[in-house]
Amino acid sequence: MKKMWSGRFKEPSSKLLEEFNASIFFDKALYKEDIQGSIIHSKMLCKQGILTEQEQADIEKGLGQVREEIENGTFQWLVEDEDIHMSIEKRLTEIIGDAGKKLHTARSRNDQVALDFRLFCLANSETIRDLLKSLVGVLTDIARDHKETMLPGMTHLQHAQPISFAYHMLAYASMFKRDFERFESLMERNNFSPIGCAALAGTPHNIDRHFTAENLGFNEPTVNCLDTVSDRDFALDLLYAISVAFVHMSRLSEELIIWSSSEFGFVTISDAHSTGSSIMPNKKNPDVAELIRGKTGRVNGNLVSLLTVMKALPLAYNKDMQEDKEGVFDSVKTAKISIEILTEMLACMTINKENQESACKKGHLSATDLADFLAANGVPFREAHFITGRAVAVAEDKGVDLSELTFEDLKSIDDRVSEEVVPLLNLRNSMNARKSYGGTAVEAVEKQISYFDGWLTK
Ligand code: ARG
């Protein structure tokens with residue numbers, strides 16, 4: 001079969017070249033965007049007097065049929081058609097005849113692929129962005145129910161200070177809100193239409209790129225055609241935004257894995273989101289969280305892979321750039337299902353308040369309160385730190401938590417300790433003392449919940 005570009009060639013393509021060069025088996029995922037772009041391009045050509053109304057109508061109708069054939073599975077995907085752009089154009093011409101051959105006026109596959117891929121990236125950014133909002137919604141709902149649930153706050157994975165489970169969930173809500181904003185800002189930054197840039201230099205045809213931009217839902221056309229056909233920043237932005245969201249999801253997943261272990265028992269992941277073992281009947285595994293943690297590796301890989309493809313490419317289009325798609329398709333698919341299942345799993349998870357609160361009794365979580373109290377009462381902080389350390393040692397010897405020491409115990413360590421300190425060492429009081437803006441006290445957390453509620457309903 002004769003190739004569209006074969007005019008200057010005397011010999012046929014090698015079979016291996018066909019297979020090696022083709023992108024059709026993955027870029028067919030862009031068929032909707034390709035057809036949408038072609039319809040708008042044809043409308044512009046018609047408005048500019050380059051196509052007749054009849055030709056434009058035939059093209060639009062023919063493209064509608066192509067779409068139907070693709071969707072009902074009768075479309076023939078052939079390796080020799082090379083990519084989605086040529087496959088669709090060939091089939092269109094088979095259906096409508098010569099008018100189909102005029103569609104490619106004033107465009108090239110270089111701006112065509114830049115358009116299709118950009119439309120794909122923008123639409124999926126919006127979907128992922130909205131999924132992140134639901135995730136923030138579930139975290140905020142959990143927080144609403146657990147403002148009073150005390151959890152040992154950690155640094156270095158060692159007990160540090162008492163915080164609420166709500167506060168911990170809202171830390172993740174903050175991350176996923178920023179992730180939402182990362183998608184939003186990449187959509188804004190890349191909201192420019194590539195079509196009409198042609199191969200690299202623009203076109204002598206009297207086209208209207210503002211018309212195509214507007215009708216494809218973009219703010220404006222891109223400003224420089226050479227950049228446009230070479231640019232894959234929009235895909236890099238998306239891959240980066242996905243990677244950062246995954247880094248956040250994998251940190252939360254890691255905590256869920258730890259928290260759901262028998263040693264912690266802070267949460268119980270529902271049966272619906274757990275898996276069993278083929279040999280050990282007793283097992284219930286947190287595979288969802290582990291897979292999210294694991295998939296972070298592949299989405300990060302996809303980002304590094306495209307960064308590496310793009311580095312040092314001379315302007316303008318190079319075939320290397322065909323390698324841009326599979327990683328993006330993979331990251332997008334992985335992100336959508338991962339965010340969705342994480343949201344569902346969190347909504348169905350049981351939070352074991354008693355286990356979290358009894359864990360707070362290990363690790364002398366109110367030690368900083370004792371040191372702060374002494375320092376506020378004239379003891380130099382270094383000395384206060386030392387005295388508190390001794391109090392911790394006494395508690396350890398007695399086999400109790402610092403919060404369980406009596407006034408007499410404390411007084412015998414240093415007589416600058418006064419009775420007022422005793423309630424301050426109570427763990428709940430310790431948590432609720434941290435009412436500074438953004439802190440873990442119930443009243444500070446309530447403000448955070450209203451902040452997220454306000455944002456969610458915006
Ligand atoms: N299949 C190609 C890609 O994905 C389309 C652009 C081809 N352009 C070219 N000049 N060969 O990048």
Side-chain angles (χ1 to χ4, degrees), residues 1-9 12-14 16-38 41 66 70 75-93 101 103-124 190 193-203 212 216 222 224-236 238-239 302 305-333:
M1 189 202 54
K2 213 167 80 195
K3 297 220 177 321
M4 282 183 191
W5 42 252
S6 66
R8 62 152 294 162
F9 289 80
S13 299
S14 133
L16 267 181
L17 172 119
E18 280 190 340
E19 192 187 324
F20 191 62
N21 193 39
S23 51
I24 185 66
F25 293 112
F26 53 86
D27 67 15
K28 63 182 182 184
L30 296 175
Y31 80 91
K32 272 194 197 130
E33 289 81 0
D34 199 76
I35 289 172
Q36 183 196 5
S38 290
H41 180 68
V66 173
I70 294 175
F75 192 88
Q76 281 223 312
W77 301 105
L78 302 171
V79 71
E80 54 269 29
D81 290 339
E82 200 174 314
D83 59 26
I84 186 65
H85 324 295
M86 293 200 293
S87 303
I88 290 179
E89 191 185 318
K90 188 191 86 178
R91 181 68 190 125
L92 174 71
T93 305
K101 297 184 187 163
L103 173 62
H104 212 51
T105 314
R107 77 172 185 191
S108 136
R109 276 187 295 158
N110 297 349
D111 56 337
Q112 200 179 347
V113 72
L115 170 67
D116 296 359
F117 197 33
R118 194 181 283 235
L119 285 171
F120 175 90
C121 288
L122 292 177
N124 282 285
N190 296 303
S193 168
I195 195 71
C197 281
L200 73 163
T203 171
T212 41
L216 286 163
T222 55
N224 176 289
C225 296
L226 189 62
D227 166 52
T228 306
V229 291
S230 319
D231 167 33
R232 292 294 180 271
D233 304 9
F234 62 88
L236 287 171
L238 172 56
L239 288 175
N302 290 335
S305 153
L306 186 58
L307 283 167
T308 313
V309 167
M310 295 309 293
K311 99 169 240 308
L313 285 187
L315 303 185
Y317 178 83
N318 300 271
K319 191 72 172 211
D320 313 45
M321 290 159 71
Q322 182 166 287
E323 293 294 314
D324 59 359
K325 290 172 206 63
E326 288 157 289
V328 169
F329 294 161
D330 180 58
S331 284
V332 161
K333 184 170 158 225

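Both counts, for ligands and for their atoms, begin at 1 and track the order of listing.
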S.K.: Just to verify, which of Thr228, Asn190, Asp227 counts as forming a side chain to side chain donor-acceptor pair (under 3.5 Å) with Thr222?
M.R.: Thr228

S.K.: Using the rule given for salt bridge (charged side-chain N to carboxylate O under 4.0 Å, His left out), can you reason through Asp81 versus Lys90, listing the C-alpha separation, both sets of side-chain angles and the distance that settles it, and then say yes or no?
M.R.: CA-CA 8 Å; Asp81 290 339; Lys90 188 191 86 178; 3.1 Å; yes

S.K.: Would you check if there is a donor-acceptor pair between the side chains of Ser331 and Asn302 at a distance under 3.5 Å?
M.R.: yes

S.K.: Would you say the side-chain atoms of Asp111 pair up with the backbone N or O of Ala198, donor to acceptor, closer than 3.5 Å?
M.R.: yes

S.K.: Once side-chain hydrogen bond (donor to acceptor under 3.5 Å, both in side chains) is applied, do any residues pair with Arg107, and if so which ones, sequence neighbours excluded?
M.R.: Ser38, His104

S.K.: Tell me, which residues have any heavy atom less than 4.0 Å from some atom of ligand 1?
M.R.: Ser23, Asp27, Asp83, His85, Arg109, Asn110, Val113, Tyr317, Gln322, Lys325

S.K.: For a side-chain contact (heavy atoms from CB on, under 4.5 Å) with Asp83, tell me which candidate from Asp27, Asp34, Asp116 qualifies.
M.R.: Asp27

